[in-house]
Amino acid sequence: MTMKIKDIYLAGGCFWGTEHYFKQVEGVVETEVGFANGHTENPTYEEVYTDETGYAETVHVKYNPEVVSLRFLLQLYFKAIDPVSLNKQGHDEGTRYRTGIYYTESADLPVVNEVFDEVQRHYDQPLAVERQPLERFFAADEYHQDYLEKNPTGYCHLPLSLFQFAKAAKEKK
């Protein structure tokens, strides 16, 4: 029997830390960093860095829904971002660092909206997190994949404690 794998694409600022964060979560079976929802074909990191391509640094998260739900992943996502910061996470600024939830199945939208609304209740200003269907995604070069595993002392806007939190996080079913 093969397990059913689902996808969600999450933009949370610099994709190095966002990927490493989600790799810690039980039930996440694969991650890939890349660029989502821009307007050019096959963008390079250097092109995206100019903020002229419309792409956001994004992590493609593949997960086993029998182990971890989309709701739980999104709750963890909101713990790793500043959801009211527009085009900025940590010290990283620019449209490429915007936050966003990009889904591939319309059946996921109600869950996305529910979690979004739950989080919104804790803020006076509107959340600056995009909620859109995935239009396009291009993987970043191999150099960027699993960057913090290859470069444990590499730059990351997320605190180390957040990675430990993700590793310990268990969904109550």
Completion exercise
Taken in chain and number order and not counting sequence neighbours, the residues that satisfy side chain to side chain contact (heavy atoms under 4.5 Å, CB included) with T50 are E52
Exercise for the section: Taking side chain to side chain contact (heavy atoms under 4.5 Å, CB included) as the test, write out the residues that go with S106, two or more places apart. Expected result: none
Practice task
Report the residues that fulfil side-chain hydrogen bond (donor to acceptor under 3.5 Å, both in side chains) with K170, sequence neighbours left out, ordered by chain and then residue number.
Solution key: E26
Exercise for the section: Kindly indicate, with the supporting measurements, whether the criterion side-chain contact (heavy atoms from CB on, under 4.5 Å) is fulfilled by N37 and Y55. Expected result: CA-CA 5 Å; N37 286 11; Y55 284 95; 5.8 Å; no
Problem - same_hphob_cluster(V111, L10) at 4.5 Å side-chain heavy-atom cutoff - result: yes
Exercise for the section: Give a yes or no on whether the backbone of T153 and the side-chain of N151 come within a donor-acceptor separation of less than 3.5 Å. Expected result: no
Practice task
State yes or no: do L109 and F78 share one hydrophobic cluster built from I, L, V, M, F, W and Y residues joined by side-chain heavy-atom distances below 4.5 Å, directly or via other members?
Solution key: yes
Practice task
Start with the C-alpha gap between T58 and T18, add the side-chain angles, then the distance that decides, and say whether side-chain contact (heavy atoms from CB on, under 4.5 Å) holds.
Solution key: CA-CA 8 Å; T58 302; T18 305; over 6 Å; no
Exercise for the section: Without swapping roles, check the side chain of Q145 against the backbone of A140 for a donor-acceptor pair under 3.5 Å. Expected result: yes
Fill in the blank from the handout: side chain to side chain contact (heavy atoms under 4.5 Å, CB included) filter on E41, not counting sequence neighbours, yields R136, F138
Practice task
Give a yes or no on whether L74 and L162 share a hydrophobic cluster (residues Ile, Leu, Val, Met, Phe, Trp, Tyr; joining criterion: side-chain heavy atoms under 4.5 Å apart).
Solution key: yes
Problem - Option among L127, V115, V84 that satisfies the side chain to side chain contact (heavy atoms under 4.5 Å, CB included) test with Q120 - result: L127
Practice task
Determine whether E30 and V61 make a side-chain contact, defined as any pair of heavy atoms from C-beta on separated by less than 4.5 Å.
Solution key: no
Handout entry: Beyond-backbone contact of Q89 with T99, side-chain heavy atoms, under 4.5 angstrom
Key = yes
Fill in the blank from the handout: Note: G17 and C156 closest approach over all heavy atoms is CA-SG, 3.4 Å
Problem - side-chain hydrogen bond (donor to acceptor under 3.5 Å, both in side chains) against N113, all qualifying residues, sequence neighbours excluded - result: R131
Exercise for the section: First locate atom CZ of F22, then atom CG of L76, and finally report the distance between them rounded to the nearest 0.5 Å. Expected result: 6.0 Å
Exercise for the section: Using the test ring-ring contact (aromatic ring centres under 6.0 Å, His included), find all partners of Y45 that sit at least two apart in sequence or belong to another chain. Expected result: Y49, H144
Handout entry: side chain to side chain contact (heavy atoms under 4.5 Å, CB included), paired with V129, selected from V119, V112, I101
Key = I101
Handout entry: Residues R98, E130: salt bridge by 4.0 Å N-O rule
Key = yes
Exercise for the section: Answer yes if the side chains of T95 and D51 hold a donor-acceptor pair under 3.5 Å, and no otherwise. Expected result: yes
Handout entry: In one Ile/Leu/Val/Met/Phe/Trp/Tyr side-chain cluster, 4.5 Å: L148, V33
Key = yes
Exercise for the section: Might you point out which heavy atoms bring F137 and A36 nearest each other, and give the distance in Å? Expected result: CD1-CB, 4.2 Å
Exercise for the section: State plainly whether one hydrophobic cluster holds both F15 and L86, where clusters connect Ile, Leu, Val, Met, Phe, Trp and Tyr through side-chain heavy atoms under 4.5 angstrom apart. Expected result: no
Practice task
Could you note down all residue pairs passing ring-ring contact (aromatic ring centres under 6.0 Å, His included) where residues 153-173 supplies at least one of them, sequence neighbours left out?
Solution key: H20-F163
Exercise for the section: State which residues pass side chain to side chain contact (heavy atoms under 4.5 Å, CB included) with D7; sequence neighbours excluded, sorted by chain then number. Expected result: Y9, H60, K62, T104
Fill in the blank from the handout: Between G54 and H39 the two heavy atoms that sit nearest each other are N-NE2, 3.6 Å
Problem - CG-CD distance between D146 and E19, expressed to the nearest 0.5 angstrom - result: 4.5 Å
Handout entry: Pairwise distance CD(E93) to NZ(K88) - rounded to 0.5 angstrom
Key = 5.0 Å
Handout entry: Pair listing, side chain to side chain donor-acceptor pair (under 3.5 Å) test, anchored in residues 68-86, at least two apart
Key = S69-E171, R71-E114, R71-E118
Exercise for the section: Sequence neighbours left out, what pairs pass ring-ring contact (aromatic ring centres under 6.0 Å, His included) with at least one residue falling in residues 95-134? Expected result: none
Completion exercise
With F35 as partner, the option from V48, T40, T44, N42 fulfilling side chain to side chain contact (heavy atoms under 4.5 Å, CB included) is V48
Handout entry: Listed partners of T53 passing side-chain hydrogen bond (donor to acceptor under 3.5 Å, both in side chains), at least two apart
Key = none
Practice task
Taking salt bridge (charged side-chain N to carboxylate O under 4.0 Å, His left out) as the test, write out the residues that go with E142, two or more places apart.
Solution key: K150
